[in-house]
Amino acid sequence: MAPRFDLIGLITDDLAASLAFYRRLGLDIPDTDPDAPHVEAQLPGGLRIAWDTVATITSFQPDWTPPRGGHRIGIAFRCDDPAEVDTRYADLTAAGHPGANPPWNAPWGQRYAVVLDPDGNHVDLFAPLS
């Protein structure tokens, strides 16, 4: 089975302001701790949207800086299992696509990796660890 598009991720300087904006647009975002580093909401049709603070991103990608004219949105594909994250990452990097973060076990309970698409956009690969 091929990975399936599952999540749109936004990196934000001000989580509360970002959540308020998207709630105002009509997204059903759960109430959350104002100091939460990561928030997710289910979108119609099964797709999810998530917000991460800059501090969350720099916790596993310490050299990350806000892009100038670049991306602040991450595209994430859910794999069937943790081994598929590793396999897909190896396949894509072997094909010449730069790896931004090799696979690791993220503290939020997922096997995770990041590769760059041809335009330099971050494309996340993940699978639940359990």
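One finds the OG1 atom of Thr32 at 10.5 Å from the CH2 atom of Trp51 (value rounded to the nearest 0.5 Å). For the atom pair OG1 of Thr87 and CG of Leu92, the computed distance is 11.0 Å after rounding to the nearest 0.5 Å. Separation of atoms CG (Asp124) and CG (Asp6) is listed at 11.0 Å; rounding is to 0.5 Å. Remark: Gln42 CD to Leu47 CG distance equals 8.0 Å, nearest 0.5 Å. Considering CZ of Arg78 and CZ of Phe126, their distance stands at 5.5 Å, rounded to 0.5 Å. Distance check, rounded to the nearest 0.5 Å: CG of Leu125 to CG of Asn101 gives 11.0 Å.
Side-chain contact of Thr56 with Ser59: a donor-acceptor pair under 3.5 Å is absent, judged by distance alone.
Of all heavy-atom pairs between Ala41 and Asp28, the closest is CB-O, 3.6 Å. Of all heavy-atom pairs between Ala106 and Leu129, the closest is O-CD1, 4.3 Å. Annotation for Pro102 and Trp104: closest pair O-CE3, 3.2 Å, computed over non-hydrogen atoms. Closest approach of Pro30 to Arg23, counting heavy atoms only: O-NH2, 2.8 Å.
Under the 4.5 Å side-chain heavy-atom criterion for Ile, Leu, Val, Met, Phe, Trp and Tyr, Val115 and Leu7 are members of distinct hydrophobic clusters. No chain of hydrophobic side-chain contacts below 4.5 Å, direct or via other Ile, Leu, Val, Met, Phe, Trp or Tyr residues, connects Leu116 to Ile8.
Checked against a 6.0 Å centroid threshold, the rings of Trp108 and Tyr112 count as neighbours.
Proximity of a side-chain donor or acceptor of Thr93 to a complementary backbone N or O of Tyr89 within less than 3.5 Å is detected. Side-chain atoms of Ser18 never come within 3.5 Å of backbone atoms of Leu15 as a donor-acceptor pair (strictly under, hydrogens ignored).
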Could you please spell out the steps behind the side-chain contact (heavy atoms from CB on, under 4.5 Å) verdict for Val114 and Val123? CA-CA 6 Å; Val114 182; Val123 177; over 6 Å; no
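For Asp33, the CG atom is densely surrounded, since the number of other residues' heavy atoms within 6.0 Å is greater than 12.
The side-chain heavy atoms of Leu27 and Ile49, taken from C-beta on, include a pair separated by under 4.5 Å. Ile11 is listed as a side-chain neighbour of Val54, based on a closest heavy-atom distance under 4.5 Å.
With sequence neighbours left out, the salt bridge (charged side-chain N to carboxylate O under 4.0 Å, His left out) criterion links Arg111 to Asp86. With sequence neighbours excluded, the residues forming a side chain to side chain contact (heavy atoms under 4.5 Å, CB included) with Glu84 are Pro3, Cys79, Asp80, Asp81, Arg88, listed by chain and number.
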